[in-house]
Amino acid sequence: MTAKTKFMRLESEIERYRNDSCWIRASELARQLSSKSSELEYYEQFTLAESHLEEYLKENPPIEKNSSKARAHLADAEKQLTLVGRAKNKLSLDANLLLAKINYCQGQYEAALDLFDERVNLDGLATKEFATTRQLQIVAESFAIKGMCIEKVGPSSTSKFRVAEQEEKIISCYEKAGDLALLYLQERDRTGSSSSSGVSPSPTPSNPQEDSLGMILETALQQSPILYIKRGNLEKGVNRFRDLLRVVESRFTQGLRQTLARQLAEVLLRGMCENSYIPIGAVLKPTTLSTNSLQPRKYSGDRQFVPKDENEEALLLLLIAEAIATREAVLNRTEEHDEARLHSFMNTTAVFDLLAVALVKRAQFNKLSESFERAMRFSFEEFHIWHQFANSLICAGKYSRALLVLKECSRLKPQNCTVLLQGAKLCYEYLHQYMEGILLSEQALKCLTDDHPLCARVHVSLGIGYSLAAMEMRLQVDRQDYNKKSLSAFTRAHMYDPSDYLALFHLALQLAIHRQINDAIKNVRLALRYRNDHIHSLHLLVLLLTAQKQFDEAISLLNAALEEYPENLSLMLTKSRLEEILYGPEQALATCKHMLQLWKELYEVDTEEAVTDVRSTRRPTATDRTQFDRRSFAQLQLSELNERDTGSLRAESIAASRVEQTMSEVASSLNSTFQPRPGSQQTWLLQAQIWLHLAELYLTLDKMSEAEACVVETSAIFPLSHQVAFMKGRVLEHKLKYNEAKLCYEDAISINPGHTKSLQHLGMVLHQLENDKMAEKILMDAVNTDPVSHESWYLLGLVLETLDQDDAATDCHTTALELEASSPTVPFTVIPRLMQFVYVKLYIINGNEYDTSGAIQV
C-alpha cells in the first residue's frame with residue numbers, strides 16, 4: 001500500500017512538471033518509474049518522448065527547412081509514441097496527438113491528417129472537459145496542426161466549391177485552436193500553473209519562453225482573422241480580431257494581446273475608411289464554460305468605452321499595444337537575452353511606427369513625442385526609434401530638444417547625412433543658431449563623395465548658413481567674407497547638379513541681395529525652367545523686375561503667381577505694395593482687406609476650436625486632417641512676412657522675439673488684462689502683420705482714425721511687440737507729436753535694436769527736434785544694420801547737410817541714388833532662405849510602406 005501511494009505521488013509530480021512545461025525535470029522523474037514498477041513503463045516512454053519533442057521544438061521551430069532534421073532527431077520519440085498510442089491506456093489519446101505533431105514537424109502532413117481522421121475524433125474533443133491543462137494545450141495544438149496540414153496539402157480538386165470548403169475547414173480549425181489556446185492560458189493562470197491534482201506549484205520560477213503559447217498556437221491565433229480578410233470577408237476578419245481581444249487577460253497573454261492589437265490597428269489604418277468601417281456591435285454577455293462548448297472567458301459590462309470610428313479604434317488599440325510594449329520590454333542587455341530583446345524591439349518598433357501614422361493623421365504631435373519618449377528606456381543605440389523621436393519633436397515644435405536627439409542619431413550613424421541636414425534646418429529656420437548649422441552642414445559634407453546625389457543639397461545648406469551668418473556680423477569685413485563663402489557654396493551646388501532648381505534659386509537670391517540684378521534674373525529664370533511652379537522663385541523674379549523698375553511686367557507675373565497660389569499672403573503683401581505705386585493706396589487697401597478675409601477663412605476655425613475644445617468630442621473632418629499642412633503653411637508664411645519692411649532677420653530680431661515672449665508671460669502672470677489669444681500664435685502673428693500694413697496704408701491716405709484702429713487691433717494681439725510700438729510712433733509722428741513718437745521708437749529699439757525702420761524714424765524725429773548729433777548717430781546705426789537700405793543713406797545725408805558736412809552728405813546721397821536704382825518694392829530678404837527639400841520617410845511595417853512625408857520635412 002505504501003509503494004502504491006509512492007507511485008501515485010511520483011505520477012502526480014510528473015503531471016505537475018508537464019503542466020509547467022518543465023521537461024527536463026519531468027524526464028528525470030520518469031526514468032525512476034521503470035525501476036519502481038514495470039507496469040508504468042508505458043508512462044515512462046510517453047513522458048520521455050514528450051519531453052524530447054518539446055525540448056527539440058524550443059531550439060528548432062516546426063518549419064519546412066527543419067523537416068529533415070526533425071526526421072533524424074525525433075525518430076526515437078516517434079517510435080515510443082507509436083507504441084503508447086496503440087496500447088489501450090489513458091495516455092493513448094495524448095500519444096496519438098503528439099505523434100501527429102511529430103509528423104507535422106517532419107513535413108509528413110498527410111500522415112498527420114490520417115492520424116486525426118483514423119485514430120482520433122478531433123472534432124469531438126472540442127466539447128470535452130479535460131483532466132489537465134496540459135491535455136487542453138495538446139488538443140489546441142492538434143487543431144492548429146490539422147489546419148496547417150490541410151493548408152499545406154492543398155485542395156483535392158480545383159473547383160471553387162472544393163477550394164472554399166477547404167478554406168472553411170482551415171479557418172474552423174484555427175478558430176477552435178485559438179479558443180482552446182486562450183482557455184488554456186486562462187486556466188493555467190487561474191490554477192497558478194499547477195495541475196488539477198491539487199499539487200502545489202513548483203518553486204522554480206517559470207521561464208519566459210515556457211510562458212508563451214509557442215509558434216504553432218500563436219500562428220493559428222493570428223491566422224484565423226487574416227484568412228478571413230484574405231478571402232475578402234473583412235467584416236468577419238475584423239470581428240474575429242475583436243473577439244480575441246475581448247478575451248479576459250491573463251499574465252501569459254501580454255505579448256499575444258500586443259500582437260493582435262497591432263495587427264487589427266494595421267487593418268483599420270490600411271484597409272478601412274469612414275464609409276467601409278464596421279462599427280463594434282453590442283457587447284456580448286459573459287461566456288461561461290460548459291460541457292457543450294469550451295470558450296475562453298471574455299470581458300463584458302455596461303460601462304465599457306466603445307470607439308466611434310476607425311481612427312478612435314485604431315488609436316485605442318495602438319495605445320494598448322504601446323502600454324504593453326513599454327511595460328514588457330526586455331531591458332537586460334546580456335548576451336543570453338539578445339534574441340529575446342531583438343524580438344521584443346522589433347514588435348515594439350512596429351507598434352510605434354503605426355502609432356506615428358495614426359497620430360500624424362490627427363496632428364497629435366505632442367502625444368506622439370511623449371510616446372517615443374517612453375520608448376527611450378529600451379531603445380539604447382537604436383537609430384530608428386531615436387530618429388522617429390526627433391521627427392516627432394520637430395513636428396511638435398520642440399526644436400531645441402529635437403536638435404539634441406538628431407545629434408545622438410548622428411552619433412549612432414555618422415555616415416547618415418540626412419539627420420545632419422535636418423539638424424542644420426532646425427538651426428537655420430527655428431533656433432537661429434547659424435554657426436551650429438554651418439558646422440552640421442560641413443559635417444554632412446565630409447560624409448559624402450563627389451558623386452553622391454545629396455552633394456548639391458549639402459552645399460545649398462552650407463550656403464544658406466553662410467548667408468544667414470553674414471547678417472549677424474557687425475564688421476563689414478566679416479560680413480563680406482561670409483557672403484563670399486555663401487556665393488561660392490551656391491555656385492558649387494549648381495556645379496554638382498546643374499538642373500537643381502533649388503541651388504539656382506538660392507544663388508539668384510544671394511546675387512539679388514548684393515544687387516547683382518542681371519545675374520540674379522538669369523539664374524532665377526533658369527531655376528523656373530527646371531521648376532516653373534516654385535513659389536519663391538516666382539516671388540524673387542517679381543522683386544527683381546521691380547528692382548529694374550519694370551512694374552507692369554512685375555504686376556502681371558505676380559497676378560499669374562497668385563492664380564497658382566491664391567492663399568499666399570506674402571505674395572498679396574507684395575501685390576499691395578505694387579498697387580500702391582502703380583494705382584494708388586485705395587487699390588492697395590482693397591487687396592489688404594481681401595487678405596484679412598482670407599486669413600479668417602484659413603485660420604479662424606483653428607482659433608475657435610482652441611476656445612471650445614470641440615476637436616476631442618467630434619468626428620475628424622477634412623479640416624482636422626489638414627491641420628498640420630495649415631500649420632506648416634502658416635510657419636512658411638510667417639518666415640516670409642517677418643520683418644518685411646526691412647528684411648532684417650538678424651540676431652537682434654531673434655532676441656526681440658524672445659524678449660517679447662518673456663514680457664508677455666510676465667504680464668500674464670501679474671494678472672494683467674492682457675492674455676494671449678487662444679490657438680496658434682503663428683496664425684495670430686500673420687494677422688498682426690496684415691493689420692500693420694493696413695495701418696500704413698491708412699496713414700498714406702491721411703485717415704488717422706482708421707490707422708489708430710488698426711494699431712489697436714494689433715496691440716490687442718501682441719501688445720508688447722516692437723512693431724506695435726513702432727506703428728504707434730508712426731501715428732504720433734504723423735500727428736506731429738514728436739516727443740511722444742520719440743518715446744515709442746525708443747521702446748521699439750529697446751526691444752529690437754536691429755529694427756531698421758524704427759532707427760530711421762527715430763533719427764528723423766530727433767532731426768525735427770533739432771537734436772542732429774543724436775540723429776546722426778542713430779542713422780549711422782541704421783546704415784550699419786542694413787547697408788543696402790537707400791532710405792537710411794538718404795536720411796543720413798539730410799542730417800549731415802544740417803550739420804554742414806556737405807561732402808559726407810553728398811556721398812550719402814550718391815550712395816542712396818545708386819542703391820535706389822536697384823531697390824525692389826519690398827526687400828529681397830522677405831523671401832525665406834529655407835531648406836525646402838522634403839525627405840520622404842517611409843515607415844516599413846510588416847513589409848508595407850506608409851508614406852508620412854507630410855510629417856517629416858527636412
Side-chain angles (χ1 to χ4, degrees), residues 11 14-23 26-27 30 42-43 45-58 61-62 70 74 77-78 80-87 89-106 111-149 173-188 191 193-197 209-221 252 289 294 296:
E11 183 179 353
I14 293 174
E15 287 298 320
R16 180 166 62 85
Y17 284 121
R18 287 182 65 214
N19 288 331
D20 289 344
S21 300
C22 298
W23 303 112
S27 59
Y42 73 91
Y43 198 91
Q45 291 178 345
F46 172 80
T47 305
L48 291 176
E50 181 185 35
S51 300
H52 179 61
L53 171 61
E54 298 301 333
E55 285 293 323
Y56 167 83
L57 288 177
K58 284 183 181 180
L74 299 178
E78 183 180 6
Q80 291 173 319
L81 290 174
T82 301
L83 293 174
V84 176
R86 288 176 178 172
N89 53 67
K90 64 179 182 179
L91 293 175
S92 59
L93 174 62
D94 291 358
N96 284 320
L97 295 177
L98 290 176
L99 188 59
K101 185 175 181 179
I102 289 179
N103 288 335
Y104 171 73
C105 296
Q106 294 173 341
L113 290 174
D114 291 340
L115 276 171
F116 291 133
D117 294 338
E118 296 175 5
R119 298 191 190 179
V120 180
N121 179 18
L122 190 59
D123 292 333
L125 297 178
T127 58
K128 175 187 173 183
E129 292 286 351
F130 298 100
T132 64
T133 55
R134 172 58 184 166
Q135 193 174 51
L136 179 58
Q137 181 187 18
I138 292 174
V139 173
E141 287 183 337
S142 298
F143 275 107
I145 289 170
K146 183 177 180 181
M148 293 175 185
C149 289
C173 289
Y174 284 159
E175 287 190 339
K176 291 176 182 177
D179 291 340
L180 292 175
L182 292 172
L183 177 61
Y184 156 71
L185 292 177
Q186 289 178 346
E187 287 297 302
R188 190 175 174 190
T191 59
S193 299
S194 66
S195 66
S196 59
S197 59
Q209 292 182 348
E210 295 168 354
D211 289 345
S212 64
L213 274 175
M215 180 179 176
I216 293 174
L217 286 178
E218 285 188 2
T219 302
L221 271 164
F252 303 110
L289 295 175
L294 292 176

Close side-chain approach of Leu53 to Leu57, heavy-atom, < 4.5 Å | yes
Measure the spacing between CZ of Arg119 and OG of Ser92 and express it to the nearest 0.5 Å.
-> 10.0 Å
Supply the atom-to-atom distance Gln45 CD to Leu81 CG, rounded to the nearest 0.5 angstrom.
-> 9.5 Å
Gap separating the CD1 atom of Ile102 from the CG atom of Leu74, nearest 0.5 angstrom = 5.5 Å
Ion pair check, Glu54 and Lys101, cut-off under 4.0 Å = yes
Any idea which heavy atoms bring Ala177 and Leu217 closest together, and the distance?
-> O-CD2, 4.2 Å
Can you find a heavy atom in the side chain of Val139 that is under 4.5 Å from one in the side chain of Leu97?
-> yes
Nearest non-hydrogen partners of Pro62 and Met215, listed with the distance | CD-SD, 3.9 Å
Atom pair CG/CG of Leu98 and Leu93 - distance to nearest 0.5 Å | 9.5 Å
Do Leu221 and Glu218 come within less than 4.5 Å of each other through their side chains, counting heavy atoms only?
-> no
Would you say Glu50 and Trp23 make side-chain contact, with heavy atoms under 4.5 Å?
-> yes
If you measure from OG1 on Thr132 to CG on Asn19, what distance do you get to the nearest 0.5 Å?
-> 5.0 Å
With the side chain counted from C-beta on, respond yes when Leu125 and Val120 share a heavy-atom pair under 4.5 Å apart, and no when they do not.
-> yes
Inter-residue atom distance Thr47.OG1 - Tyr17.OH, 0.5 Å rounding = 13.5 Å
Looking at residues at least two apart in the chain, or sitting in another chain, which of them share a ring pair (Phe, Tyr, Trp, His ring centres under 6.0 Å) with Tyr104?
-> Tyr109
Shortest non-hydrogen contact from Phe116 toward Ser142 = CZ-O, 3.6 Å
Is there side-chain contact between Gln106 and Glu78, with at least one heavy-atom pair below 4.5 Å?
-> yes
Work out which heavy atom in Arg188 is nearest to a heavy atom in Thr133; give both atom names and the distance.
-> N-CG2, 4.3 Å
Residues Ala140 and Ala181: closest non-hydrogen pair is CB-N, 3.8 Å
Side chain to side chain contact (heavy atoms under 4.5 Å, CB included) between Ile14 and Arg18: does it pass, once the steps are laid out?
-> CA-CA 6 Å; Ile14 293 174; Arg18 287 182 65 214; 4.3 Å; yes
How close do Met148 and Ile216 get, heavy atom to heavy atom, and via which atoms?
-> CE-O, 3.3 Å
